[in-house]
Amino acid sequence: MRVHGQPYRTIFVADDGVTVAVIDQTRLPFAFELQHLRTAEQAAVAIRDMVVRGAPLIGVTAAYGVALGMRADPSDAGLERAVAVLGATRPTAVNLRWALARMQALLACHGPPERMRVAYEEAGRIADEDVAACAAIGRHGLGILEQIHARRDGGAVRVLTHCNAGWLACVDWGTALAPVYAAHEAGIPLHVHVDETRPRNQGAALTAFELGAHGVPHTVIADNTGGHLMQHGQVDVCIVGSDRTTAAGDVANKIGTYLKALAARDNGVPFYAALPSSTIDWTIDDGVRDIPIEERPAREVTHVRGRTDDGRVLEVQAVAPGSAVANPAFDVTPARLVTGIITERGVAPASREGLLSLYPERRGG
Ligand code: MRU
């Protein structure tokens with residue numbers, strides 16, 4: 001996607017052929033800056049501190065982190081160390097584990113002298129596959145938005161989204177926002193309601209930045225507003241991303257997603273999750289029971305970051321001093337509340353049979 005007229009991916013190998021450049025998402029929307037990663041440890045810190053975030057991008061960064069690790073130490077011990085340090089960063093997005101397992105399995109088949117080259121090539125392939133998957137999610141989701149538009153008598157299709165599941169969460173295009181970009185390009189009028197997504201404000205800071213940069217009409221709303229809009233017929237469809245989706249179609253996504261799915265069900269609003277197959281955890285069925293939910297630092301709740309009128313970016317405290325704080329970063333929306341799952345292979349019901357109809361090779365697995 002374009003930033004200031006220049007095409008960018010969220011992660012790429014710099015001109016020196018080894019350094020991995022990422023967009024520093026902790027600085028958006030007030031500054032657009034790149035950060036350069038030179039070691040597996042730096043890649044791990046970038047994931048943990050959310051310089052990069054979003055399930056697909058976390059996976060790709062981990063893959064490049066392994067490549068950086070192979071540059072320093074391509075021995076078996078070096079490989080294990082890189083995978084361990086990267087794997088300990090964020091527990092919920094399964095793309096992390098998926099990418100590390102893929103890198104480890106491939107590198108185990110190569111001797112140390114080849115590992116660095118092979119690792120960079122494979123990380124590049126994972127990044128390219130993510131771009132292709134997100135573009136395909138956009139094409140499949142476009143069909144849903146076209147159908148809604150046909151019923152809207154020329155009016156804009158009103159989409160509600162939560163968190164940031166746009167190109168900043170992936171390598172390009174996004175998951176939940178890929179259909180929005182595809183529809184925008186196809187000339188379908190849209191209006192996106194963007195949940196601010198406390199505590200880190202990925203919606204207000206990142207989704208609004210993305211949509212604004214691409215001229216997609218949108219309104220940022222407080223997290224508690226979506227139910228009211230749905231009751232008043234102002235939302236045609238909810239589309240969210242996912243950090244881990246079970247084989248039975250339960251969807252883990254940013255905290256607050258579940259409440260939107262409940263409101264959508266109560267108001268007859270279709271609720272879709274858009275995700276590449278790298279986000280499906282085929283080893284589990286029950287998301288509420290089995291998906292590990294990351295607990296983030298209390299400071300994300302007690303403090304809010306923003307820009308003062310004189311242009312300084314500051315963090316200020318918003319919670320009464322001394323109050324205890326909890327910060328689970330994700331919740332699970334049970335499959336029964338999900339109208340459909342939009343993947344790179346098409347749209348399926350949120351159920352084991354539905355997902356297997358798109359991924360028959362997983363049958364019996
Ligand atoms: O904590 P984050 O910002 O990494 O959480 C991101 C989300 O929850 C996204 O909605 C999810 O990763 C889907 S992204 C394509």
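Start at 1 and go down the list; that is how both ligands and their atoms are numbered. Nothing fancy with the numbering, it's 1 onward along the sequence.
Remark: Ala82 pairs with Ala40 by the side chain to side chain contact (heavy atoms under 4.5 Å, CB included) rule, at least two apart or across chains. Checked against ring-ring contact (aromatic ring centres under 6.0 Å, His included), His184 has no partners two or more places apart in sequence or in another chain.
Within 4.0 Å of ligand 1, contacts by protein heavy atoms are made from Met50, Arg53, Gly54, Ala55, Pro56, Arg90, Cys163, Asn164, Ala165, Ala169, Cys170, Thr175, Gln202, Gly241, Ser242, Asp243, Asn253, Lys254, Phe330.
Atom CG of Asp250 is separated from atom CZ of Arg289 by 10.0 Å, given to the nearest 0.5 angstrom.
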Only pairs under 3.5 Å count here: list side-chain donor-acceptor contacts from residues 315-325, not counting sequence neighbours, and write none if there are none.
from: Glu315; atom 1: OE1; to: Arg299; atom 2: NE; distance (Å): 3.0
from: Glu315; atom 1: OE1; to: Arg299; atom 2: NH2; distance (Å): 2.8
from: Gln317; atom 1: NE2; to: Val319; atom 2: O; distance (Å): 2.9

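A distance-only check finds a donor-acceptor pair linking the side chain of Asn327 to the backbone of Pro297 [under 3.5 Å].
The cationic atom of Lys254 (NZ for Lys, CZ for Arg) lies less than 6.0 Å from the six-membered ring centre of Phe330 and within 45° of the ring axis.
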